[in-house]
Student: 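Would you mind keeping the following structure in view while I ask a few things?
Computed from a predicted model, the values in this text were never measured in an experiment.
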Amino acid sequence: MREPWPAWASTGATPRAVAGLLRDTAAQRLGIEPAAVPDPQPRWADSGDPGIDCVSALPQRLAAKYGSFGTRGEQPQQLARVLADGLNAVPGIAEARVVRGSLLALRMSAPVRGSLVYGVAEGWNFLAEWPPPAEPGAASAVSTPRAGRDGPPVDDHGWPCSPLYEADDLATATRWARADTRERIAHFRATAPKTPPGQRRVDTWRDPCRDASPHSQSSVELGVRGEVPRLLATVGEANARFALCRGSSDRPQPATQTGPGLPAVPTAEHPGVWSRHTFANPAFSVRYAHAHAWTTVHRWARDAGHAPLTIDQWQASPAVAELGSVQVAPLLGCLFDGPGTLATAHRRARPHTLVRYLERLCANYHEWRDPCPVIPATDDTDSLAIAARLTVCAAVAGVLATGVFLLGVSAPTRL
């Protein structure tokens with residue numbers, strides 16, 4: 001029996017779709033214009049309660065803006081109950097209730113919850129969809145000037161990308177790497193191009209800077225001298241950018257650790273695990289997760305005759321409803337929080353927020369796919385179940401590729 005998605009989630013239960021539903025419900029129940037409703041900013045619930053998918057502080061924001069509903073101390077709670085009553089009548093919402101005083105909590109039906117992966121698509125436009133980009137000119141406040149430059153250097157596609165090997169010292173390289181990410185995020189959210197630029201995915205793990213050994217021709221071209229070029233020759237530019245953006249400060253102390261064996265400012269003499277291709281290295285782990293997800297969809301599945309589901313193939317069967325199961329919920333929640341996390345990284349000018357998000361998404365992906373192979377070795381698995389899992393892989397690959405691109409790092413497609 002076919003169960004179509006409700007109109008509010010016609011393209012997937014993305015943060016924008018949920019925010020639109022909350023805004024329309026508030027406007028209808030309170031008799032105000034939708035444009036006058038504050039941004040609901042729904043976030044995935046991290047309480048572990050299977051009865052809650054996402055929460056919103058919309059009642060508190062409404063009470064702060066309109067102080068005329070009930071007594072002052074009861075406004076948020078009363079607004080939350082009114083909105084919950086309205087949402088409980090909406091198709092696709094299994095339950096709406098009030099939690100933690102005045103937070104509005106939603107639990108979606110399994111098909112609608114799983115529809116999120118279709119809204120994610122390739123990840124590019126999904127990460128820029130919500131909240132809306134800041135007003136023009138807001139990004140200039142977080143840009144870091146480059147000494148001797150009229151503006152940030154850009155790559156062949158017009159995206160900010162400084163040649164780190166030109167930095168005089170590690171402190172300068174740190175500022176450049178973090179400023180590049182800030183400017184790339186600001187450019188991304190301001191322009192929101194429909195299609196990503198080229199060179200986002202590459203079929204290699206080779207790193208030109210890491211290949212620059214002291215005796216190679218490339219080392220002469222790069223000028224392997226000084227602490228920054230020697231660091232790049234030791235760990236590679238991709239790992240270096242990831243490491244320098246992972247710290248929470250533009251001027252961290254070299255001895256600061258961001259994790260076991262993870263110096264905030266690695267050096268050629270003490271690179272920690274940043275020089276290794278192991279899962280202890282967050283840069284490798286995130287890029288490997290992308291390579292695994294991309295290879296699963298575009299090589300292994302293709303060779304086995306499988307493909308991700310299309311929207312028209314969605315049916316309310318146990319196999320396809322797996323996308324909305326409790327086992328997939330942590331991964332779906334991490335995908336759901338992507339746009340909000342990127343908006344926070346932009347608003348607060350903190351690149352490490354994006355880095356830690358990518359690490360969390362990577363961990364959730366591996367925890368989801370490890371117990372149950374996406375493409376089983378036997379032929380007795382429902383093809384719809386395999387197609388549903390491939391859809392998840394495609395969504396994860398899209399978000400990871402976009403995330404590392406915003407760090408100035410490529411996404412390998414070969415394991």
Side-chain angles (χ1 to χ4, degrees), residues 11-18 42-44 46 54 113-131 133 159 181 184-185 187-189 192-197 199-202 238 241-242 245-246 282-298 308-309 323 328-346 351-369 374 388-413:
T11 58
T14 64
R16 173 182 286 176
V18 175
R43 297 297 179 102
W44 201 262
D46 57 1
C54 59
R113 183 186 306 118
S115 72
L116 167 67
V117 297
Y118 297 99
V120 174
E122 273 290 288
W124 185 255
N125 290 300
F126 168 71
L127 284 182
E129 71 156 22
W130 173 87
W159 291 80
T181 299
R184 291 171 79 93
I185 292 175
H187 182 62
F188 171 72
R189 287 176 53 77
K194 294 300 182 183
T195 56
Q199 305 304 314
R200 194 164 60 110
R201 290 187 169 103
V202 295
R241 285 187 179 274
F242 212 97
C245 288
R246 194 174 192 263
F284 172 80
S285 183
V286 168
R287 299 171 82 208
Y288 180 89
H290 170 270
H292 184 280
W294 193 93
T295 300
T296 299
V297 175
H298 296 277
L309 289 172
L323 287 180
V328 194
L331 180 56
L332 292 181
C334 203
L335 289 171
F336 186 92
D337 281 341
T341 302
L342 186 64
T344 299
H346 177 221
H352 73 277
T353 302
L354 172 61
V355 175
R356 299 306 176 97
Y357 167 76
L358 296 176
E359 292 178 34
R360 190 167 73 252
L361 178 59
C362 163
N364 278 292
Y365 172 70
H366 287 308
E367 290 176 4
W368 166 71
R369 63 97 177 171
V374 177
R389 297 170 194 167
L390 290 174
T391 309
V392 176
C393 291
V396 171
V399 172
L400 289 177
T402 303
V404 297
F405 173 82
L406 294 176
L407 296 174
V409 176
S410 63
T413 59

Student: Can you tell me which residue pairs pass the side chain to side chain donor-acceptor pair (under 3.5 Å) test with a partner in residues 328-341, sequence neighbours excluded?
Tutor: none
Student: Take the angle between the ring planes of His292 and Tyr365 and call it parallel below 30°, perpendicular above 60°, tilted in between.
Tutor: perpendicular
Student: Could you walk me through whether Leu358 and Leu407 pass the side chain to side chain contact (heavy atoms under 4.5 Å, CB included) check?
Tutor: CA-CA 11 Å; Leu358 296 176; Leu407 296 174; 3.9 Å; yes
Student: Test of understanding: with side-chain contact (heavy atoms from CB on, under 4.5 Å), list the residues that count as partners of Ser285, not counting sequence neighbours.
Tutor: Phe279, Cys362
Student: Answer yes or no: is there a donor N or O on one side and an acceptor on the other, between the side chain of Thr413 and the main chain of Val202, under 3.5 Å?
Tutor: yes
Student: For side chain to side chain contact (heavy atoms under 4.5 Å, CB included), just list the numbers for Thr14 and Val120, CA-CA rounded to whole Å, side-chain angles, deciding distance to a tenth of an Å, and then say yes or no.
Tutor: CA-CA 7 Å; Thr14 64; Val120 174; 5.7 Å; no
Student: Taking the side chain as every heavy atom from C-beta outward, state whether Glu367 and Pro330 have any pair of such atoms under 4.5 Å apart.
Tutor: no
Student: Using every non-hydrogen atom in the two residues, find where Leu354 and Gly403 come nearest and quote the distance to one decimal.
Tutor: CD2-O, 3.8 Å
Student: What verdict does the side chain to side chain contact (heavy atoms under 4.5 Å, CB included) test give for Val409 and Val286, after you've listed the backbone C-alpha separation in whole Å, the side-chain angles of each residue and the deciding distance to 0.1 Å?
Tutor: CA-CA 11 Å; Val409 176; Val286 168; over 6 Å; no
Student: Within the 4.5 Å heavy-atom criterion, are Val18 and Cys54 side-chain neighbours or not?
Tutor: yes
Student: For the backbone of Pro412 and the side chain of His290, can you confirm whether one donor and one acceptor N or O come within less than 3.5 Å of each other?
Tutor: yes
Student: Looking only at non-hydrogen atoms, find the nearest pair between Pro339 and Phe126 and report the distance.
Tutor: CG-O, 3.3 Å
Student: With sequence neighbours excluded, tell me which residues meet side-chain hydrogen bond (donor to acceptor under 3.5 Å, both in side chains) with Arg241.
Tutor: Asp180, Glu237
